[in-house]
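What follows is a set of notes on a single structure, which appears directly below.
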Amino acid sequence: MPSPSDFDTANSIEARKYTRTYGLTPPGVDTFAKQEQRCLALLNARKTPIEKYQYLSVLRNTNVHLFYRLLANNVKELTPLIYTPTVGEACQRWSELFTHAEGLYLSYEDRGHLHSVIQNWPHDVEMTVVTDGSRILGLGDLGINGMGIPVGKLSLYTACAGIHPMRTLPLCLDLGTSNKAFREDPLYLGSRRDKVTAEEEKEFLDEMMAALTERWPGIVIQYEDFKNPFPSLERYQNTYTMFNDDIQGTGAVILGGFINAVKQSGVAPKDQRAVFLGAGSAGVGVAKQLTEFFMKEGLSEDEAKKRFWLVDSQGLVTSDRPGKLADHKVYFARDDNDGKQYKSLEEVVEYVKPTILMGLSTIGGAFTPKILTRMAEMNDRPVIFPLSNPSSKSECTFEDAIKYTNAKCLFASGSPFPTLQWQGKDLSPGQGNNVYVFPGIGLGAILSGAVSVTQNMIYASAEALSTSLLPEETAQNWLYPDIARIRDVSVIVARGVIRAAQKDRVDRELALRNISDEEIDEYIRHRMYDPYTEHEKVDEQLRELAQLVGGPTSSHAGSATTTHGAVRNGNPSDVVGKER
Ligand code: NAD
């Protein structure tokens with residue numbers, strides 16, 4: 001049976017004969033340029049983002065290499081269509097719009113038999129993204145409609161880090177849903193039970209983790225969009241090759257930009273003063289990650305921790321403020337406030353005179369013009385990171401940050417902002433987009449054969465990201481590299497991750513330990529799936545085949561068929577579909 005990509009109009013005549021699709025596609029052999037022109041015209045003919053999403057989804061399923069060539073060439077333009085924000089609507093309407101199956105669903109009713117359901121997946125897997133659909137983006141519990149997330153995210157793993165599409169497994173758990181509207185929706189494709197309990201989910205995940213790893217011992221498992229992501233991370237991070245992008249990837253990408261901001265600010269780590277608006281799980285988590293950076297820069301844990309002032313809805317987090325402090329805030333609570341309490345961000349800014357302002361508060365516009373102006377008065381290069389999502393909740397816009405700091409700030413946001421024209425120059429905002437790190441973390445974990453993903457590997461991904469900027473990018477005060485170079489960035493991130501795995505002795509590919517960084521980079525590139533060379537590979541295989549059967553592959557359909565048949569009978573898996 002030919003595979004869908006055997007019908008690619010860029011396949012050579014030889015390849016068509018070999019795959020027995022000769023005559024089944026139009027006779028012309030396309031170049032990629034012509035295919036791209038056609039695809040983009042078809043894409044642009046679709047009016048709404050969801051229609052474009054559907055077109056791209058069909059393309060991925062019918063001509064996977066073309067899809068990835070198109071994506072590689074247009075990564076900036078197409079990423080918002082295959083992932084956020086469009087994937088949000090795709091998930092909300094997944095059951096309504098469903099046309100073709102993608103990925104694997106494991107239902108609570110399958111417990112006890114997950115191993116055999118997993119056997120149904122027809123390919124070998126290196127990377128899976130798994131969700132239970134319980135907190136999809138900011139959209140709440142979407143049950144099995146959450147499948148759009150693993151599908152989209154794995155497309156990014158392939159496009160950005162060259163993980164082979166056939167080696168990826170989108171995985172959605174059907175553990176019921178608390179979404180009553182979906183349970184009552186006749187078109188909803190998941191089970192209609194209420195969401196299982198945390199204990200039931202834990203037992204299910206135990207079985208799933210064991211079954212996945214039993215079938216594919218090298219598999220890397222990335223958790224995504226679980227309502228409560230912490231228990232599974234704690235439970236599995238030392239026993240399986242897994243990580244959670246919401247927690248670890250997010251922390252790493254913010255850290256990567258932060259390292260560059262600190263460097264470019266010209267202020268030594270020991271003199272930095274970071275005010276965080278927002279002391280929720282994200283604020284405290286990010287602050288802890290940045291503490292690690294200050295410690296690596298030579299500060300003691302206590303000195304590092306003292307670089308942070310956290311502010312929540314009640315004001316500065318201090319150990320002596322009235323009322324009980326939530327447990328997670330205690331670590332950063334200030335005890336040097338001489339009994340004074342500071343209620344508003346403005347008061348805190350005057351008191352602390354920060355060099356860094358981070359926003360994880362969900363309060364849109366909380367970095368007021370007055371606060372931004374003060375930051376610029378107090379600092380040559382104030383670091384301004386409004387990280388709350390979506391854009392409406394961002395603590396300030398890129399435009400305001402530039403305007404009120406007179407373009408002095410080093411800026412990165414959680415949500416995207418457009419490029420800004422400022423005094424005749426185009427200024428681009430940094431965006432702490434997880435896509436800078438998770439593909440490289442996955443690739444590094446796969447290639448090193450890591451038995452677990454350690455905290456040092458996550459930290460290394462951030463550090464590597466911070467080193468990935470070109471001199472011309474740093475010269476423009478960018479904190480993150482150009483996303484168009486993401487495959488190069490992923491090589492650097494993967495190398496950092498591999499080296500950290502080696503240091504932590506969790507690697508199984510021991511041969512990589514003794515080779516230089518240049519050789520590792522070359523090895524990583526060599527292992528990356530490249531949608532442009534897939535045709536060359538087919539032609540290469542054909543040449544090898546021709547030699548094997550003692551003659552050139554035929555120039556006419558009939559004898560090509562004979563060649564095809566002869567070799568297929570010999571060793572099918574070596575020839576057909578292996579890397580295709
Ligand atoms: P959360 O609800 O747990 O925490 C919000 C915090 O903000 C709390 O400490 C709360 O007291 C504080 N807050 C609320 N109103 C305030 C006010 N008026 N003044 C001062 N503080 C106030 O939320 P979370 O999970 O910690 O996430 C916070 C935000 O961070 C979200 O918008 C999320 O999208 C964003 N986030 C962004 C990234 C990223 O990569 N950019 C990563 C993680 C989270």
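Each ligand, and each atom within it, is numbered from 1 in the order the structure gives.
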Identify the protein atoms, limited to N or O, that lie within less than 3.5 Å of an N or O atom of ligand 1, and list each pair with its distance to 0.1 Å.
{"unit_1": "ligand 1", "atom_1": "7 (O)", "unit_2": "S361", "atom_2": "O", "d": "3.4"}
{"unit_1": "ligand 1", "atom_1": "9 (O)", "unit_2": "A279", "atom_2": "N", "d": "2.8"}
{"unit_1": "ligand 1", "atom_1": "9 (O)", "unit_2": "G280", "atom_2": "N", "d": "3.0"}
{"unit_1": "ligand 1", "atom_1": "11 (O)", "unit_2": "S313", "atom_2": "N", "d": "3.2"}
{"unit_1": "ligand 1", "atom_1": "21 (N)", "unit_2": "S313", "atom_2": "N", "d": "3.3"}
{"unit_1": "ligand 1", "atom_1": "25 (O)", "unit_2": "S281", "atom_2": "OG", "d": "3.3"}
{"unit_1": "ligand 1", "atom_1": "26 (O)", "unit_2": "S281", "atom_2": "N", "d": "3.3"}
{"unit_1": "ligand 1", "atom_1": "26 (O)", "unit_2": "A282", "atom_2": "N", "d": "2.8"}
{"unit_1": "ligand 1", "atom_1": "32 (O)", "unit_2": "S388", "atom_2": "OG", "d": "3.4"}
{"unit_1": "ligand 1", "atom_1": "32 (O)", "unit_2": "N389", "atom_2": "N", "d": "3.2"}
{"unit_1": "ligand 1", "atom_1": "32 (O)", "unit_2": "N389", "atom_2": "O", "d": "3.3"}
{"unit_1": "ligand 1", "atom_1": "34 (O)", "unit_2": "N389", "atom_2": "N", "d": "3.2"}
{"unit_1": "ligand 1", "atom_1": "41 (N)", "unit_2": "L387", "atom_2": "O", "d": "2.9"}

From F308, W309, F276, residue fulfilling ring pair (Phe, Tyr, Trp, His ring centres under 6.0 Å) relative to F332: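 Single ring pair (Phe, Tyr, Trp, His ring centres under 6.0 Å) partner of F332 among F308, W309, F276: F308.
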
Residue list, ring-ring contact (aromatic ring centres under 6.0 Å, His included) with F367, at least two apart or on another chain: none

Qualifying side chain to side chain donor-acceptor pair (under 3.5 Å) pairs with a residue from residues 459-470, counting only residues at least two apart or across chains: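 Listed once each, the pairs would be none.
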
Plane angle bin for F182 and Y188 - parallel if under 30°, tilted between 30 and 60°, otherwise perpendicular: parallel

Steps toward side chain to side chain donor-acceptor pair (under 3.5 Å) verdict (T355, Q272): CA-CA 6 Å; T355 53; Q272 294 283 0; 2.6 Å; yes

Which donor-acceptor pairs under 3.5 Å do the side chains of residues 245-255 make with protein atoms, sequence neighbours left out?
{"unit_1": "D245", "atom_1": "OD2", "unit_2": "K153", "atom_2": "NZ", "d": "2.5"}
{"unit_1": "D245", "atom_1": "OD2", "unit_2": "N434", "atom_2": "ND2", "d": "3.0"}
{"unit_1": "D246", "atom_1": "OD2", "unit_2": "D225", "atom_2": "N", "d": "2.7"}
{"unit_1": "Q248", "atom_1": "OE1", "unit_2": "N244", "atom_2": "N", "d": "2.8"}
{"unit_1": "T250", "atom_1": "OG1", "unit_2": "D245", "atom_2": "O", "d": "3.3"}
{"unit_1": "T250", "atom_1": "OG1", "unit_2": "D246", "atom_2": "O", "d": "2.8"}
{"unit_1": "T250", "atom_1": "OG1", "unit_2": "N434", "atom_2": "ND2", "d": "3.0"}

